[in-house]
Amino acid sequence: MAKHLTKRSENYSQWYNELVVKADLAETSAVRGAMVIKPYGYAIWEKMKEQLDKMFKETGHSNAYFPMFIPKSFFSKEASHVDGFAKECAVVTHYRLKNDENGKIVVDESAKLEEELIVRPTSETIIWHTYKNWIQSYRDLPLLINQWANVVRWEMRTRLFLRTSEFLWQEGHTAHATKEEAITETEQMINIYAEFAEKWMAMPVIKGTKTDSERFAGALETYTIEALMQDGKALQSGTSHFLGQNFAKAFDVKFATKEGTQEYVWASSWGVSTRLMGALIMAHSDDNGLILPPKLAPIQVVIVPIFKGEEQLKEISEKVDIIIDKLKAKGISVKYDDRDTQKPGFKFAEYELKGVPIRLAIGKRDLENNNIELARRDTYEKKIYSQDGIENVIEDLLNEIQENIYKKALDFREETTTIVDNLDDFKAAIEKGGFVSAHWDGTEESEQKIKEITKATIRCIPIKNILEDGDCIYSGNKSTQRVLFAKAY
RNA sequence: CGGGGUGUGGCCCAGUCCGGUUAAGGCACCUGCUUUGGGAGCAGGGGAUCGCAAGUUCGAAUCUUGCCACCCCGACCA
């Protein structure tokens, strides 16, 4: 392991790449664009999953699992959907290999599939095909299903967690009797994502809707949560789509109403992915490594003994065991690193790199005074405490750290958000980084031109927007509200 | 997919232009001793068909051709 990370100020994307690998979160694999998520990284993902899954179930959703392969013909049933995904699909064409005359393994051309299978880039089509058989009556609605799965999108340029050709995610697919109910569901889920981002990831987000050009392929409305990274670029961190009756019509999913009429069902779909890992890393971490919010840290407290010889270690361990028991009783995850193969300084640096929120150090001089040293990852602050009652100090401090890193990220976002009223100011603000709030005339043409000139896209039309009259920064035409622009990942 | 760059033990890399005994160094790893309150020191040791495949040559990490992978910049994206 190299001693130091590239500094964020020197090269932000290099810092990110190094951090992901050095903190043991993930690495590249033998397959182009696909990553190996390592145990420490996966442990964080599991924590995210656990909380999200709980929130989904509390709002009435059930988990199910649908096939990874989708018959090619399914894709042509919803026109805009296929347009959106066709260019990045992996396709299975054969089902057998054989040895050729040189002893090499080759595809057996005689084992060609009648109909090619698409490796799912998202599951709307296979799920709606299935829903046709599940839904007959208004009594079958609403249907609230989520699946945890992997999907494949053959991206040209990939980056660990942020954009990989295969990624893990959850996708919710719901069916409702009315439009209003489907919209309520769509909004409920974006609110859950926002709550998760802010309370668990300690990452402030802006909720809003996407413009026509940025909307999900096949959706009537896409809600998004947009987060700001430390380099001033925005990251779309979760989306919830109101699909109208598009998929119901494409897959002929009708239900009998109370009145006995036949109607198409209304749909939503919503997802977050392992991209959240990238967001988590970039939102908080610093030049010495990860900074994890306590609620998602696999290890919340690490204890490093400082000792000479086995006798001393034994003495320290006796005290540490008492503290570990008290912490565990409070549901705090704790690791005691009593390896004698690494020096304390090495361990300090290692746990900083891995973002462990609180570190305790205990040595001979602490034993004499019944003390223990506590260091915070987020502020680097070090303080000596009595061993008695340290578990209460830690419990409070974990909450304080969670709040502190949220506040820090929120302050950063507010400092780097600019309100502008003309194109020159807009260009300067985008160049500086961060969100830029500006008037837009609502046309795709203006949106496109602004993107060409500045590389900034409309991240969202914020839900909490206040309507106000203004002039579009590009066209000068009348506008009724400001929208949020930024350069994005 | 277009432009540029790079591939040498697990990692970082020297050597490649100008072909010639055993491919150099650092990190990591193994053994031993001394160490341990912010990334330890010394001594010894193991590990490489030089990205892959052909070709040129008495001889290829080095030259030629093709392929592959990765990185940066564009177009695309959860």
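All chains are named by letter (A, B, ...) in the order of the sequence lines, taking the proteins before the strands, and each is independently numbered beginning at 1.
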S.K.: If pairing requires Watson-Crick or G-U wobble contacts with both distances under 3.5 Å, which nucleotide is the partner of B:U35?
M.R.: none
S.K.: Quickly work out the A:Lys22 NZ to B:G10 P distance and round it to whole Å.
M.R.: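 Answer to the nearest Å: 19 Å.
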S.K.: Name the nucleic acid region contacted by A:Phe307, choosing base, sugar-phosphate or nothing; use a 4.0 angstrom heavy-atom cut-off, strictly under.
M.R.: base
S.K.: Which is true for A:Gly289 with a 4.0 Å heavy-atom rule: it touches a base, it touches only sugar-phosphate, or it touches nothing?
M.R.: nothing
S.K.: At under 4.0 Å between heavy atoms, what does A:Lys364 touch on the DNA or RNA strands: base, sugar-phosphate, or nothing?
M.R.: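 Counting heavy atoms under 4.0 Å across all strands, the contact made by A:Lys364 includes a base.
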S.K.: Can you tell me, in whole Å, how much space there is between the P of B:G20 and that of B:A61?
M.R.: 9 Å
S.K.: Using the P atom in both, what is the distance from B:C18 to B:U64, to the nearest Å?
M.R.: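 One P to the other, the span is 9 Å.
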S.K.: Between A:Glu310 and A:Lys314, does any side-chain N to carboxylate O distance fall below 4.0 Å?
M.R.: no
S.K.: Would A:Phe346 count as stacked on B:G38 if the rule is ring centres under 5.5 Å and plane angle under 30°?
M.R.: no
S.K.: Taking only Lys NZ, Arg NE, NH1 and NH2, and the carboxylate oxygens of Asp or Glu, determine whether A:Arg377 and A:Asp286 approach each other closer than 4.0 Å.
M.R.: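 Answer for the salt bridge query: yes.
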S.K.: Using Watson-Crick or G-U wobble geometry with both distances under 3.5 Å, which nucleotide pairs with B:G2?
M.R.: B:C73
S.K.: Is there a side-chain contact between A:Lys451 and the phosphate of B:C76, meaning an N or O under 4.0 Å from OP1 or OP2?
M.R.: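 For A:Lys451, the contact criterion (side-chain N or O under 4.0 Å from OP1 or OP2 of B:C76) is met.
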S.K.: Mind checking who B:G66 pairs with, Watson-Crick or G-U wobble, both distances under 3.5 Å?
M.R.: B:C52
S.K.: What does B:G25 pair with, Watson-Crick or G-U, if both distances are under 3.5 Å?
M.R.: B:C12
S.K.: Output the rounded distance in Å from CH2 (A:Trp154) to P (B:C1).
M.R.: 12 Å
S.K.: Roughly how many Å apart are B:U49 and B:G10, using the P atom of each and rounding to a whole number?
M.R.: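 Pairwise P distance, B:G10 against B:U49, rounds to 7 Å.
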S.K.: Run the salt-bridge test on A:Glu350 and A:Arg339 with the 4.0 Å N-O cut-off and return the result as yes or no.
M.R.: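 Looking at A:Arg339 together with A:Glu350, the answer is yes, because their closest N to O distance falls below 4.0 Å.
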S.K.: Given the P atoms of B:C12 and B:C63, what is the spacing between them in whole Å?
M.R.: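 After rounding to an integer number of Å, I get 22 Å for this pair.
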S.K.: Looking only at the side chain of A:Arg359 (C-beta and beyond, no hydrogens), which of the listed nucleotides B:C76, B:G37, B:G38 gets closest?
M.R.: B:G38
S.K.: In the structure shown, which nucleotide is the Watson-Crick or G-U wobble counterpart of B:G46, with both distances under 3.5 Å?
M.R.: none
S.K.: When the nearest nucleotide of RNA chain B is assigned to A:Ala488 and to A:Arg159 on a heavy-atom basis, which residue is associated with the more 5' position?
M.R.: A:Arg159
S.K.: Please report, rounded to the nearest Å, how far the P atom of B:A78 is from the NE2 atom of A:His81.
M.R.: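 Taking NE2 of A:His81 and P of B:A78, I get 12 Å after rounding.
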S.K.: For a quick check of understanding: with a heavy-atom distance under 4.0 Å over all strands, which category does A:Gly271 fall into, base, sugar-phosphate or nothing?
M.R.: nothing
S.K.: For atom P, what is the distance between B:C29 and B:U22, given to the nearest Å?
M.R.: 31 Å
S.K.: 5'-most contact on RNA chain B: A:Thr158 or A:Ala361, nearest heavy atom basis?
M.R.: A:Ala361
S.K.: If you only use heavy atoms from C-beta on, which nucleotide in B:G37, B:A78, B:G39 is closest to the side chain of A:Glu350?
M.R.: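 Looking only at side-chain atoms, A:Glu350 lies closest to B:G39.
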S.K.: Hey, can you tell me if A:Phe75 and A:His81 have their rings parallel, tilted or perpendicular (30° and 60° cut-offs)?
M.R.: parallel
S.K.: Scan A:Glu155 against the nucleic acid and name what it touches under 4.0 Å (heavy atoms): base, sugar-phosphate only, or nothing.
M.R.: base
S.K.: Taking only Lys NZ, Arg NE, NH1 and NH2, and the carboxylate oxygens of Asp or Glu, determine whether A:Lys38 and A:Glu27 approach each other closer than 4.0 Å.
M.R.: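 Answer for the salt bridge query: yes.
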S.K.: Between A:Lys57 and A:Asp53, is the side chain to side chain contact (heavy atoms under 4.5 Å, CB included) condition met? List the steps.
M.R.: CA-CA 6 Å; A:Lys57 284 172 180 161; A:Asp53 200 63; 2.6 Å; yes
S.K.: Looking across every strand, which nucleic acid part, if any, lies under 4.0 Å from A:Arg339 by heavy atom: base, sugar-phosphate, or nothing?
M.R.: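 Since no nucleic acid heavy atom lies under 4.0 Å of A:Arg339, the category is nothing.
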S.K.: What nucleic acid atoms does A:Ser269 come within less than 4.0 Å of, heavy atoms only: base, sugar-phosphate, or nothing?
M.R.: nothing
S.K.: What's the gap between B:C68 and B:A28 when it is taken at their C1' atoms, as a whole Å value?
M.R.: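 Result for the C1' pair: 28 Å, nearest Å.
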S.K.: Provide, to the nearest angstrom, the distance between the CD atom belonging to A:Glu452 and the P atom belonging to B:A75.
M.R.: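 Taking atom P of B:A75 as the reference, CD of A:Glu452 is at 10 Å.
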S.K.: Does A:Asn17 put a side-chain nitrogen or oxygen below 4.0 Å from OP1 or OP2 of B:C72?
M.R.: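 It does, given that an N or O in the side chain of A:Asn17 lies less than 4.0 Å from OP1 or OP2 of B:C72.
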S.K.: I want to verify a distance call: between B:G37, B:C72, B:C76, whose nearest atom is closest to the A:Glu88 side chain?
M.R.: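 Selected nucleotide: B:C76.
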S.K.: Kindly confirm or rule out a cation-pi arrangement of A:Lys210 over A:Phe216, judged by NZ or CZ under 6.0 Å from the six-membered ring centre and within 45° of its axis?
M.R.: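 Relative to the ring axis of A:Phe216, which defines the angle, A:Lys210 lies outside at least one limit.
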S.K.: Any strand counts, and the cut-off is 3.5 Å on both contacts for Watson-Crick or G-U wobble. Which nucleotide pairs with B:U57?
M.R.: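 Per the H-bond distance test, none.
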S.K.: For B:G39 and A:Lys343 - does any side-chain N or O of the residue sit under 4.0 Å from the phosphate oxygens OP1/OP2?
M.R.: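 For A:Lys343, the contact criterion (side-chain N or O under 4.0 Å from OP1 or OP2 of B:G39) is not met.
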S.K.: Measuring from the side chain of A:Phe348 (C-beta onward, heavy atoms only), which nucleotide among B:G38, B:G37, B:C77 has the closest atom?
M.R.: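 Side chain of A:Phe348 sits closest to B:G38.
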S.K.: Of all the choices, B:C76, B:G74, B:A78, which nucleotide is nearest to the side chain of A:Lys455 once you look at every atom?
M.R.: B:G74
S.K.: What distance, rounded to whole Å, do you find between the two C1' atoms, one in B:G38 and one in B:A78?
M.R.: 40 Å
S.K.: Go through B:G37, B:G39, B:A78 for me and flag the one nearest to the A:Ala349 side chain.
M.R.: B:G39
S.K.: Taking atom C1' in both B:A40 and B:G47, compute the distance separating them and give it to the nearest angstrom.
M.R.: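 Approximately 24 Å lies between the C1' atom of B:A40 and that of B:G47.
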S.K.: From C-beta outward on A:Thr239, which listed nucleotide comes closest to its side chain: B:A78, B:G38, B:G37?
M.R.: B:A78
S.K.: Taking A:Glu352 first and then A:Arg359, would you say they form a salt bridge - that is, a charged N and a carboxylate O separated by under 4.0 Å?
M.R.: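 A:Arg359 and A:Glu352: salt-bridged.
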